[in-house]
There are 2 protein chains.
Amino acid sequence: MARLPLYLRALNGLAERGIATVSSEDLAVGAGVNSAKLRKDLSHLGSYGTRGVGYDVDYLIYQISRELGLTQDWAVAIVGVGNLGRALANYGGFVSRGFRVASLLDADAEVVGTGIAGLVVEHIDSLESVIRERAVSIVVIATPAAAAQEVCNRVTAAGITSILNFAPVVLTVPDGVDVRKVDLSIELQILAFHEQRKVTGGVDETAAAAADQWPGTVGMSERNQGASAPPRGGRT
Amino acid sequence: MARLPLYLRALNGLAERGIATVSSEDLAVGAGVNSAKLRKDLSHLGSYGTRGVGYDVDYLIYQISRELGLTQDWAVAIVGVGNLGRALANYGGFVSRGFRVASLLDADAEVVGTGIAGLVVEHIDSLESVIRERAVSIVVIATPAAAAQEVCNRVTAAGITSILNFAPVVLTVPDGVDVRKVDLSIELQILAFHEQRKVTGGVDETAAAAADQWPGTVGMSERNQGASAPPRGGRT
DNA sequence: GTACCTTTGTGAACCAATGCACAAAGTCAC
DNA sequence: GTGACTTTGTGCATTGGTTCACAAAGGTAC
Ligand SMILES: NC(=O)c1ccc[n+]([C@@H]2O[C@H](COP(=O)([O-])OP(=O)(O)OC[C@H]3O[C@@H](n4cnc5c(N)ncnc54)[C@H](O)[C@@H]3O)[C@@H](O)[C@H]2O)c1
Ligand SMILES: NC(=O)c1ccc[n+]([C@@H]2O[C@H](COP(=O)([O-])OP(=O)(O)OC[C@H]3O[C@@H](n4cnc5c(N)ncnc54)[C@H](O)[C@@H]3O)[C@@H](O)[C@H]2O)c1
């Protein structure tokens, strides 16, 4: 379940503050979810709670870590060492959670060879050998959008089945490969959407009126001009 | 709907390639969703398609942009100019989508005053005045976790109702405030979870065996050994 | 003008996830 | 030891979202 990391984060916070036991209710608040949902999620791992008392924090941390596979170290390679790649490389939050940055790779000769976060940036040509020799199992793609699919093809061909993609494109991958994407622009757009709703009290007031005046080239007048870029190829 | 930005991204890609019309089927592939879902989503905005032909790309871009509130400019302030804050400030993808970075703010005297992406980092003390004077409507929090709630309190008090949070904490906010969070560690943990499943063919093989040997303090002897580590500490 | 073909928009079935509510289980105080 | 209290684990109804499938709508060709 995708919420386990959230619980883990909350539990770690409790452990740091020296709290030994927590009820589903309190933990749910800390993780920002409903307590019934939390209990149901945890019950899928087994019966690790004690009725009348709650859950033992350390023990639950261990069980969730095990379930998530965090009891082992994962080698991660970051491809594309630009603004974002550098930030990721310097981020301490990965290492502390069992993710080890095993390699930084880039195509730019200016960047290759420079040192970042204790690593030397390697050339993208060595991608396959790095993956093989350092047992990399997760690849982070932080290249420009145009290069992402190409990088993706190479890493999947090299046997990688877990990819975290920051480039704003939908990656096409073989079956069995997991891709998770993070698109910050999309997050902002969703916020803007809600923000707009708050201001106008719904798009139906000012905007709907403006909806009809389409400033675009032709509108869809006579025959959708260039339109119908023959769907289905040039099948007509 | 949270998928509109995805469609918009795919549409922009089509527009750049000079494609004037697209069917729901093709667009769905480009956005990585089911075509029926896409049609249903779009029908919520109104009837903007043409049966037998599809959707006019430019017109649909306009309609979705309007729905998302992207026809106006949004002023964004980034609080916390560390590794991540700098990457965000340098990212061109925001500006091109109608988001303007109006201010960079930080608490560190070393950082305040330095120039990044054409802006000068300002001191966090001026947070409220910056928000007010530059009509900031969205705040991005990229501070360490410990400072996030405090920053959040201040910006909500200043009237902000849209926050994008990168710090790994659950923010508590007044009603009516939207918070979206991005936690990269969580993304990696989810990948690790699936990766582990692939390798072991389910946690029930090797791991379940290991489940009972809890290395924690007490170990739980007598009843239901592994399970139920004496909640409430080493209370025995 | 007519017949055919493509694609939309949507009713209806389906599925998964959510939340409620409560009995069972265990703790704590005395 | 006993009884009251707390909290888990889960059956069940509900909700929301996804997918199927198809009639209606419009375009294209001749
Ligand atoms: N910076 C951000 O805050 C941010 C936010 C959202 C999304 N993104 C996305 O993340 C990606 C990276 O952003 P960025 O700001 O770091 O861009 P950037 O241009 O600063 O960095 C991209 C890096 O990738 C390298 N690269 C290009 N082609 C490559 C290839 N084929 N193989 C390996 N490396 C290659 C470049 O040399 C460069 O160092 C982009 O797709 C961007 O849209 C970035
Ligand atoms: N760097 C990453 O790739 C990454 C990935 C995931 C999550 N995060 C999270 O994003 C946040 C920032 O990460 P980072 O790597 O940029 O950290 P960082 O330490 O490099 O930067 C944090 C910045 O915030 C400033 N700051 C501290 N307290 C402040 C306050 N009260 N007001 C304003 N500014 C303040 C600091 O001066 C510093 O410049 C952290 O919470 C981190 O967990 C970062």
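Residue numbers start from 1 in every chain, and the chains themselves are labelled A, B, ... in the order their sequence lines are given, proteins ahead of strands.
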- Just how far, in rounded Å, is P of C:dG26 from OH of A:Tyr48? 16 Å
- Between B:His44 (NE2) and C:dG11 (C1'), how many Å, whole number? 13 Å
- Message: In this structure, how many angstroms lie between the P atom of C:dT18 and the CG atom of A:Asp41, rounded?
- Response: 8 Å
- Message: Check this one for me: any side-chain N or O of B:Tyr55 less than 4.0 Å away from OP1 or OP2 of D:dG26?
- Response: no
- Message: Please tell me whether B:Glu16 and B:Asn12 have a donor and an acceptor in their side chains that are separated by less than 3.5 angstrom.
- Response: no
- Item | Nucleotide nearest A:Ala36 (side chain, heavy atoms from C-beta), chosen from C:dT18, C:dA21, D:dG9 | C:dA21
- Message: Using whole Å, what does the distance between atom C1' of nucleotide C:dT8 and atom CG of B:Leu45 come to?
- Response: 14 Å
- Task: Tell me what A:Ser35 touches on the nucleic acid: a base, only sugar-phosphate, or nothing, going by heavy atoms under 4.0 Å.
- Result: nothing
- Measure the distance from CG on A:Leu42 to P on D:dG9 and round it to the nearest whole Å. 8 Å
- Rounding to 0.5 Å, atoms CG (B:Leu42) and OG (B:Ser24) come to a distance of 8.5 Å
- Of the candidate nucleotides C:dG9, D:dT8, C:dT7, which contains the atom at the shortest distance from the side chain of B:Ser23? C:dT7
- Task: State the CD1-CZ distance between B:Ile186 and A:Arg97, to the nearest 0.5 angstrom.
- Result: 8.0 Å
- Message: For C:dT7, does the base pair up with any side-chain atom of B:Arg51 as donor and acceptor (N or O, under 3.5 Å, distance only)?
- Response: no
- Considering only heavy side-chain atoms of A:Arg39, the closest of D:dT8, D:dT18, C:dG19 is D:dT8
- Item | Polar side-chain contact A:Lys40-D:dT10 base: donor and acceptor under 3.5 Å | no
- Nearest-0.5 Å distance that lies between atom CG in B:Leu68 and atom CZ in A:Arg197: 9.5 Å
- Note on the structure: Closest of C:dG19, C:dT27, D:dG27 to the A:Thr50 side chain is C:dT27
- Item | Rounded distance in Å - CG (A:Asp56) to P (C:dG26) | 16 Å
- Task: Answer yes if the side chains of B:Ser162 and A:Glu195 hold a donor-acceptor pair under 3.5 Å, and no otherwise.
- Result: yes
- Query: Given atom NZ of B:Lys37 and atom P of C:dA13, what is their separation to the nearest angstrom?
  - Reply: 21 Å
- For A:Asn34 and C:dC20, is the shortest distance between a side-chain N/O and OP1 or OP2 below 4.0 Å? yes
- Item | B:Ser24 vs C:dT7: side-chain N/O to OP1/OP2 distance below 4.0 Å | no
- Note on the structure: To the nearest angstrom, the CD-P distance between B:Glu25 and C:dT6 comes to 14 Å
